[in-house]
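In the text below, chain A, chain B and the rest are named by the order of the sequence lines, each starting its count at 1.
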Amino acid sequence: MKTQKLTAHLADWERQGLITPEQSGSILAYESARQTTPWVLYSFVMLGVTIIAVGIISLVAANWTDIAPWLKLTADFAILGGLAACLYRFSDGSQPAVFDAIAAFFIFFCLASIGLIAQIYHTGGQPYQALFLWCGITLPVTLFAFKKFIPNLWAAAVLTAVILFCFHDSRLGGPAGIYRLAIFWSLPLSILLAGMLCRSVRPLHMLAGPFFFWAGMTCLGATVYFDIVHSSGIILENSAHPARLFSYYGYGARHEDASVHTLYRIIDLVTVAVIAASIFMKGLDKKVRIFLCLLAGLFCILMNIYGIIDYSAYPRHYSYSGSDYPMLLKLIGPACCIAMLLLASFLFSCLNHMRLFNTCLNLIGLRFLIIYFQVFGSLATTGIGLIVSGLIIIGAVIAWYKSHKKLEAWFGGLLG
Amino acid sequence: MKKYLLIAAVVFPIVCLFGVMLSKQMRLSQGSEVILPIAGFDPRDLLSGHYLTYRINYGSSPDCSRGQEVYACFFKASGPEELYRARFAARDDISGGECALFIKGRCENGRFTAGIEKFYIPEQYAAPLDKAVRAGKGKIVLQISGSGSAAIKDLLIDGKSWREFNQQ
């Protein structure tokens, strides 16, 4: 498929007189001789390894009580040693897929070993502790992976461990609860920061992509959750919903509750760190820096909004869809969601990720449609509203194209 | 150079896991043995399999707030059984040397927890063991070190090791 595309391009360039037939032939010969990665094979091998590893973990979990613990541990460490020797054997890079498959198996087997030790010694730890230990001890091997499967697995495991840690104690409150909540609320920005740090430190380069992926996913998830909680009126109408936590902490922030202030300051601190990293990180386009700063800033406002707006001023029995609920508050959720998606689409456009850019635009379009059904109700007002919105978008795009150089220069000046 | 780094990278997790295993083994082979009655049930964890989780009957309850560090100081109870009981105290009360046998834990939901509330069992024995523990026949054997850390040594059902109980 790739060769077909290349042949078509080369034929076109030949017709345009950009390259000679000899050059075209040389390029084709070079590309054909180059060892291409059989990614389908790689993906299926990794899938197989994952399934085998899950099977082994399940076998370990079956608890073979008739086998003496010392024998189980000896066999476990012998297998780990054997896998380590195999990794060394294939470390020359001649068969990257084989190396990655053995490395993945080795990493999964480390998890099985943690399970085995926990089983034999009856350790009463939490799952997040096992995952943190696993991530910690397997980080060095992860950095030797040739392709993205192992770094993706590692980043997903870290994220799972952090989320399990945040939800370990379901009753949030008190100093420990505040820190857990702060970690959870600032998770998208923290992952983004981790990705930036990995991008800056050469040995950790492999982990930057997975962290950026999860930063995007969690940021989108947080924005959608914020939007749903806000625009569905859950905060006011359902006192039992977890979203009431937001208004609870907002109330605390306005009433000088020291622990709640700690929560907001941690989020602010992470935002400042992301903005600083965006400004000082090497090799970034100026536009990318600008949109990263704006995204981080907007996300911070989103998280702080409960401390800014006094929701307790509106009685709980007020109906969200009713006219007694201020229009401005109705629009906060969708407005923040659209603004986040807009900034994300600009960022992806600067990074030349056209598919992600288009996805963001489609989501914005969808959100606009939902707003009018949510807020106005009648088809006539929805129609007029959508037409006006479309005109505003087209007008804003024309204005941007006419004055974007001036704006960029102004932002550039701000960033030095 | 890269070869040496790779060797270090693959040896590192093995050494860490061996270290964890060794520390658990040392905890189990040092200190004093304590037997405490328990009551509980059996859930399952995906990584290590079936386990019994239980409340240890220390003979008293701690008066503490959530997350607070508490020490359980053990003394032998009077009676025919070789059981221990505990009184709960703060760190200062323990460091005075009045308590020779103690474990460090935390207050969770008004209960004392010290990471010794799980006992892994084979799936096929889960139901009878669960039934026996629910019926109040279970006791846990702990090995407690001088520094206040505890390791689970065995589960007793009707005074016998759970393995013997299952063979009956």
Quiz prompt | L143(A) portion near chain B, given a 4.5 angstrom heavy-atom threshold | solution = neither

Practice problem: Could you tell me the separation between the CG atom of L5(B) and the OG atom of S91(A), rounded to the nearest 0.5 Å? | Solution: 11.5 Å

Exercise. Ignoring hydrogens and angles, tell me if any N or O in the side chain of K118(B) forms a donor-acceptor pair with the backbone of A118(A) under 3.5 Å.
Key: no

Quiz prompt | Pairwise side-chain contact, L6(B) with F99(A), heavy-atom cut-off 4.5 Å (strictly under) | solution = yes

Quiz item: Under 6.0 Å from the CZ atom of F18(B), do we count more than 12 heavy atoms belonging to anything else shown?
Solution: no

Self-check item: K72(A), NZ: over 12 other non-hydrogen atoms inside 6.0 angstrom
Solution: yes

Self-check item: Interatomic distance, I14(B) atom CD1 to C110(A) atom SG [nearest 0.5 angstrom]
Solution: 7.0 Å

Exercise. Could you check if a side-chain atom of F77(A) sits within less than 4.5 angstrom of a side-chain atom of L17(B), using non-hydrogen atoms only?
Key: yes

Quiz item: Is T65(A) close to W162(B) at the side-chain level, that is, under 4.5 Å between some pair of heavy atoms?
Solution: yes

Quiz prompt | Atom group of A103(A) that falls short of 4.5 Å from chain B, counting heavy atoms | solution = neither

Practice problem: Check each atom of K153(B) against the heavy atoms of chain A and say whether the ones under 4.5 Å are side chain, backbone, both or neither. | Solution: neither

Quiz prompt | Residue selection (most heavy-atom pairs with chain B, distance under 4.5 Å) from P127(A), A130(A), G115(A) | solution = G115(A)

Exercise. Would you mind reporting whether F12(B) and L139(A) have side-chain heavy atoms less than 4.5 Å apart?
Key: no

Self-check item: Side chain to side chain, V10(B) and Y88(A), heavy atoms closer than 4.5 Å
Solution: no

Quiz item: Out of F106(A), Y121(A), W134(A), W64(A), which one racks up the most heavy-atom pairs below 4.5 Å with chain B?
Solution: Y121(A)

Quiz item: With a 4.5 angstrom heavy-atom cut-off, which part of L87(A) approaches chain B: side chain, backbone, both or neither?
Solution: both

Quiz item: Among Q25(B), R163(B), E117(B), which residue forms the greatest number of heavy-atom pairs with chain A at distances under 4.5 Å?
Solution: Q25(B)

Quiz item: CG/L28(B) to CD1/I120(A) distance, rounded to the nearest 0.5 angstrom?
Solution: 11.0 Å

Quiz item: Do H122(A) and Y51(B) touch side chain to side chain, with heavy atoms closer than 4.5 Å?
Solution: no

Quiz item: What residue, out of L111(A), V60(A), L83(A), I107(A), has the most heavy-atom pairs lying under 4.5 Å from chain B?
Solution: L111(A)

Practice problem: Mark yes when over 12 heavy atoms from residues, nucleotides or ligands other than K148(A) sit less than 6.0 Å from its NZ; otherwise mark no. | Solution: yes

Practice problem: May I ask you to test the K24(B)-T123(A) pair for a side-chain heavy-atom distance under 4.5 Å? | Solution: yes

